[in-house]
Amino acid sequence: MMTEQLSLGIQTSKTYLVLTISTYLLSLFSAWHFFYNFWLSAIISVTLSVWLYYFLPKRVLLTRPDSIKKISLDQTKIIITKNNGRTQQYPWFYPAYQSQFLVIIEAGKEQLVIFKDAIEPQSLSTLNRLLNANT
């Protein structure tokens with residue numbers, strides 16, 4: 001029996017990046033439009049800017065050491081490689097949620113949230129086939 005294997009390189013999701021920046025801009029607009037105190041608006045704006053400065057590179061741009069950079073899976077196991085070079089192998093996995101934009105994979109105690117625009121388009125059909133065959 002031939003098993004199908006897939007190796008995915010994870011990149012920055014354009015959808016997640018747009019959602020993050022939009023939320024930031026909406027929060028800034030709200031701080032200046034609804035708060036009538038200049039100093040309160042300034043403090044909230046600075047706090048939001050500091051949050052974006054630390055959140056964006058680590059969470060959205062995947063530069064944290066524990067960010068996942070590669071996933072290899074077949075019908076029997078999943079191997080997760082992180083930025084710090086550590087790999088983890090799980091003998092079972094299943095899709096906890098699938099939609100048009102993202103997939104959440106349960107593997108051991110980890111939940112892998114993968115936006116579908118963060119992987120190569122030609123890999124999507126193979127990913128869906130492997131996940132659906134594993135359920």
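Both backbone and side-chain heavy atoms feed into the values below; hydrogens, waters and symmetry mates do not.
In terms of heavy atoms, Leu48 sits closest to Tyr24 at O-CE1, 3.5 Å. Shortest non-hydrogen contact noted between Ala31 and Ile44 is CB-CG2, 3.6 Å. Smallest separation of non-hydrogen atoms from Ser72 and Lys70: OG-CE, 3.8 Å. Here the shortest heavy-atom pairing between Tyr90 and Glu110 reads OH-OE2, 3.0 Å.
Side-chain atoms of Ile10 and Ile119, non-hydrogen and from C-beta on, do get closer than 4.5 Å to each other. Between Val46 and Ser49, every side-chain heavy-atom pair lies at or beyond the 4.5 Å cut-off. With contacts defined as side-chain heavy-atom distances shorter than 4.5 Å, the pair Leu112/Ile78 qualifies. Residues Leu6 and Ile71 form no side-chain contact, since every pair of their non-hydrogen atoms from C-beta on lies 4.5 Å or further apart.
Under the 4.5 Å side-chain contact rule for hydrophobic residues, Phe35 and Ile43 do not share a cluster. Ile114 and Leu19 fall into different hydrophobic clusters, where Ile, Leu, Val, Met, Phe, Trp and Tyr side chains are chained together by heavy-atom contacts under 4.5 Å.
Trp39 belongs to a hydrophobic cluster whose remaining members, ordered by chain and number, are Trp32, Phe38; membership requires side-chain heavy atoms of ILVMFWY residues under 4.5 Å apart, directly or through intermediates.
In this structure, Gln89 places its CD atom where more than 12 heavy-atom neighbours from other residues, nucleotides or ligands lie under 6.0 Å away. Heavy atoms of other residues, nucleotides or ligands lying less than 6.0 angstrom from OH of Tyr97 number 12 at most.
In this structure, Phe115 CZ and Ile104 CD1 are separated by 9.0 Å, a value rounded to the nearest 0.5 Å. Leu25 CG to Thr20 OG1: the interatomic distance, rounded to the nearest 0.5 Å, is 11.0 Å.
Ser13 places no side-chain N or O within donor-acceptor distance of the main-chain N or O of Asp117, the cut-off being under 3.5 Å.
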Anything under 3.5 Å between a donor and an acceptor, one on a side chain of residues 79-86, the other on a protein residue two or more places apart or in another chain? List them.
from	atom 1	to	atom 2	distance (Å)
Asn83	ND2	Leu62	O	2.8
Asn83	ND2	Arg64	O	3.0
Asn84	OD1	Arg86	N	3.1

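Within the structure, no pair that satisfies the side chain to side chain donor-acceptor pair (under 3.5 Å) test touches residues 51-62, not counting sequence neighbours.
Note: Tyr16 and Phe55 have perpendicular aromatic rings, judged against thresholds of 30 and 60 degrees for the angle between ring planes.
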